[in-house]
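So you know, we letter chains A, B, ... as the sequences are listed, proteins then strands, and number each from 1.
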Number of protein chains: 2
Amino acid sequence: MSNPTTITAQPGTPFIDISREFEATPAQVFRAATDPDLIAQWLGPRELSTDVEEYDARPGGSYRYVNRDADGTEYRFRGVFHTVAKDECVVQTFEFEGAPGQISLETVTYTDLGGRTRMHTRSVFPSVEARDAMLASGMEHGVNDSYDKLAKLVEA
Amino acid sequence: MSNPTTITAQPGTPFIDISREFEATPAQVFRAATDPDLIAQWLGPRELSTDVEEYDARPGGSYRYVNRDADGTEYRFRGVFHTVAKDECVVQTFEFEGAPGQISLETVTYTDLGGRTRMHTRSVFPSVEARDAMLASGMEHGVNDSYDKLAKLVEA
């Protein structure tokens with residue numbers, strides 16, 4: 001029985017909070033979330049492939065990845081890293097290039113629960129409308145699939 | 001008589017909006033806001049010096065500058081650029097290293113008013129509390145000084 005992923009988005013705010021506990025250490029979860037070869041194994045909805053083109057997880061580094069469906073349709077994402085504190089915290093920008101200009105700032109924290117780990121992401125958007133558009137895009141499906149795959153990877 | 005700088009921060013939101021019109025073209029204002037030698041001439045409160053250590057205004061680039069008072073006390077700032085669209089828009093992170101972890105995302109837009117330019121910055125913080133702390137820091141003084149100096153520079 002896997003742990004649940006909680007997605008919280010209070011009406012009228014520009015925030016989305018995503019929380020998940022993993023049966024693995026912060027070091028294990030952090031590595032899976034910052035190593036390009038490992039990211040390719042879990043990031044994105046199940047029905048899409050993930051090609052990590054760049055993932056330079058250091059302050060000032062950039063990342064870029066693409067999800068592709070069976071027809072070859074591409075969904076491109078990119079961002080830059082502001083903070084990378086090993087096993088503790090990452091602050092990065094996030095943009096879905098299919099909705100250009102709606103850039104959010106993500107703060108990802110890894111909390112040690114004694115061998116277990118809570119991974120929490122707060123995303124903040126430049127407007128409530130941009131946040132609502134992200135919610136309406138079906139991101140919940142991708143997040144749930146991604147975190148279930150990440151759990152399988154780090155809990156194996 | 002110089003144009004006013006408007007700072008808007010609705011209670012209970014994580015946003016700060018700063019708007020100013022300049023008697024100069026978007027190209028002139030954009031250059032003054034992205035060229036490190038020019039930035040050093042206007043960014044920061046009047047009573048502090050500004051040393052631009054890095055200002056690599058391109059997607060994935062970083063910036064870093066320091067304000068110093070007469071006693072040598074330093075106020076350090078840094079961030080990374082997500083978007084740099086010449087004469088139009090910049091999206092960047094912003095951190096005052098004296099309040100580490102309170103990173104905001106700034107969207108700066110340059111609107112052509114027919115030879116004149118409206119420069120608008122929306123900052124969004126990871127929480128309302130972080131936004132309120134920034135407002136309480138006295139940033140208004142620094143913003144007003146900076147924009148008055150920028151106006152003198154581009155309107156000369």
Side-chain angles (χ1 to χ4, degrees), chain A residues 8-18 53-64 76-85 88-97 99-111 120-132 134, chain B residues 8-18 53-64 76-85 88-97 99-111 120-132 134:
Chain A
T8 308
Q10 298 292 342
T13 75
F15 305 121
I16 300 175
D17 289 282
I18 302 174
E53 298 179 333
E54 181 180 14
Y55 215 91
D56 185 14
R58 56 176 183 83
S62 294
Y63 71 88
R64 183 180 295 276
R76 295 190 156 272
F77 303 84
R78 77 171 185 94
V80 292
F81 295 99
H82 180 101
T83 301
V84 179
E88 290 182 3
C89 178
V90 173
V91 180
Q92 64 196 42
T93 61
F94 173 88
E95 180 175 16
F96 168 44
E97 295 192 357
Q102 300 296 10
I103 297 137
S104 57
L105 186 68
E106 300 183 338
T107 302
V108 187
T109 51
Y110 300 81
T111 304
H120 175 264
T121 301
R122 164 153 283 201
S123 297
V124 56
F125 291 77
S127 68
V128 176
E129 294 71 23
R131 194 285 308 259
D132 289 345
M134 174 57 71
Chain B
T8 309
Q10 298 292 342
T13 76
F15 304 122
I16 299 175
D17 289 282
I18 302 173
E53 298 178 334
E54 182 181 15
Y55 214 91
D56 186 14
R58 58 177 182 81
S62 294
Y63 71 88
R64 184 180 295 274
R76 296 191 156 272
F77 303 85
R78 76 171 185 94
V80 292
F81 295 100
H82 180 101
T83 301
V84 179
E88 291 182 2
C89 178
V90 172
V91 180
Q92 63 196 42
T93 61
F94 172 89
E95 180 176 16
F96 168 44
E97 295 192 357
Q102 299 297 12
I103 297 138
S104 57
L105 185 69
E106 300 182 339
T107 302
V108 187
T109 50
Y110 301 81
T111 304
H120 176 264
T121 301
R122 164 153 284 200
S123 297
V124 57
F125 291 77
S127 68
V128 176
E129 294 72 22
R131 193 286 307 260
D132 288 346
M134 174 57 70

Exercise. Out of curiosity, B:T83 OG1 to A:I103 CD1, how far, rounded to the nearest 0.5 Å?
Worked result: 3.5 Å
Exercise. Between A:T13, A:V91, A:L105, A:V128, which residue shows the highest count of heavy-atom pairs closer than 4.5 Å to chain B?
Worked result: A:L105
Problem set entry | A:E95 portion near chain B, given a 4.5 angstrom heavy-atom threshold | both
Problem set entry | Max heavy-atom pair count under 4.5 Å with chain B, selected residue of A:S127, A:C89, A:A85, A:G12 | A:S127
Exercise. Who among B:G60, B:P59, B:S62 has the most heavy-atom pairs with chain A under 4.5 Å?
Worked result: B:G60
For this session: List the atom of B:F15, the atom of A:P14, and the distance in Å for their closest heavy-atom pair.
Result: CZ-CG, 3.6 Å
